[in-house]
Amino acid sequence: MLYIIRHGLTDWNVAHRLQGQTDTDLNEDGIRMAREAADEYKDIHFDVCYCSPLKRARMTAEILLEGRDVPIIIDDRLKEMSFGSYEGFENCFSFPDCPMYAFFKNPVEYKAPQG
């Protein structure tokens with residue numbers, strides 16, 4: 001069985017900022033979410049955990065698997081995609097002229113911006 005678990009909440013999630021590869025920490029709600037997931041999955045046996053190297057993902061995995069003998073293998077191939085110069089941009093879905101709007105809402109029309 002394969003389980004895919006997303007990282008908990010960060011301040012950038014709350015602010016609707018594109019994170020991409022910007023290495024943000026979980027906030028208090030994100031830590032709470034990871035603890036709730038740990039409780040939810042406490043009876044599930046995991047052989048191994050493959051994890052993005054980004055802090056928000058590592059923190060989630062560490063909380064989820066705390067006290068369990070499950071290796072966490074960091075794998076760069078699981079790192080979030082880069083949004084280049086648009087990382088940190090807030091509310092891109094409110095700006096139809098923003099290239100990231102097209103990327104998420106109409107990928108056929110997306111044209112990668114410089115950087």
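With hydrophobic clusters built from ILVMFWY side chains whose heavy atoms lie under 4.5 angstrom apart, Y50 does not share a cluster with Y3. Hydrophobic clustering places V70 together with M1 (ILVMFWY residues linked when any side-chain heavy atoms are closer than 4.5 Å, directly or through intermediates). Follow the hydrophobic side-chain contacts under 4.5 Å out from I44 and you reach L65 in the same cluster. Side-chain heavy atoms closer than 4.5 Å link hydrophobic residues (I, L, V, M, F, W, Y) into clusters, and following such links, even through other members, never connects V48 to I4.
For R17 (side chain) and W12 (main-chain N/O), no donor-acceptor pair under 3.5 Å exists by modelled atom type. Between the side chain of E87 and the main chain of F83, a donor-acceptor pair closer than 3.5 Å is present. In terms of modelled atom types and a separation under 3.5 Å, the side chain of E109 and the main chain of A102 share no donor-acceptor contact.
Other residues, nucleotides and ligands contribute only 12 or fewer heavy atoms inside 6.0 Å of the OH atom of Y41. E66 CD: 12 or fewer foreign heavy atoms inside a 6.0 Å radius.
Rounding to the nearest 0.5 Å places CZ of F46 at 5.5 Å from CZ of R68. We find the CZ-NE2 distance between R58 and H7 to be 13.0 Å, quoted to the nearest 0.5 Å. Of the inter-residue distances, the one linking D25 atom CG with M59 atom CE reads 5.0 Å to the nearest 0.5 angstrom. Atom NE2 of residue H16 and atom CG of residue L18 lie 11.5 Å apart, to the nearest 0.5 angstrom. C49 contributes atom SG, which lies 9.5 Å from atom CD of E62 (distance to the nearest 0.5 angstrom). Between C98 atom SG and K105 atom NZ the span is 12.0 Å, to the nearest 0.5 Å.
For the residue pair K79 and S52, the shortest heavy atom distance occurs at CA-OG, 3.6 Å. Y110 and F103 get closest at one heavy-atom pair: CD1-CB, 3.4 Å. Residues P99 and K111 approach most closely at CB-O, 4.2 Å, considering heavy atoms. Shortest non-hydrogen contact noted between Q21 and L54 is O-CD2, 3.7 Å. The two residues N27 and G30 have their closest heavy-atom pair at OD1-N, 2.8 Å.
Ring centroids of F104 and F93 are separated by less than 6.0 Å, placing the two rings close together.
Salt bridge absent: E28 and R32 never bring a charged side-chain N and a carboxylate O closer than 4.0 Å.
Just one of I74, D76, D75 meets the side chain to side chain contact (heavy atoms under 4.5 Å, CB included) condition when paired with L78; it is D75. Between R56 and the options T10, T24, N13, D23, a side-chain hydrogen bond (donor to acceptor under 3.5 Å, both in side chains) holds for only T24. Partner C51 forms a side chain to side chain contact (heavy atoms under 4.5 Å, CB included) with one of L64, T60, I72 and no other, that one being I72.
Using a 4.5 Å heavy-atom threshold, the side chains of D39 and R35 count as separate. Put simply, the side chain of C92 does not reach to within 4.5 Å of the side chain of Y101, judged on heavy atoms.
In this structure, N91 has no side chain to side chain donor-acceptor pair (under 3.5 Å) partners at least two apart in sequence or on a different chain.
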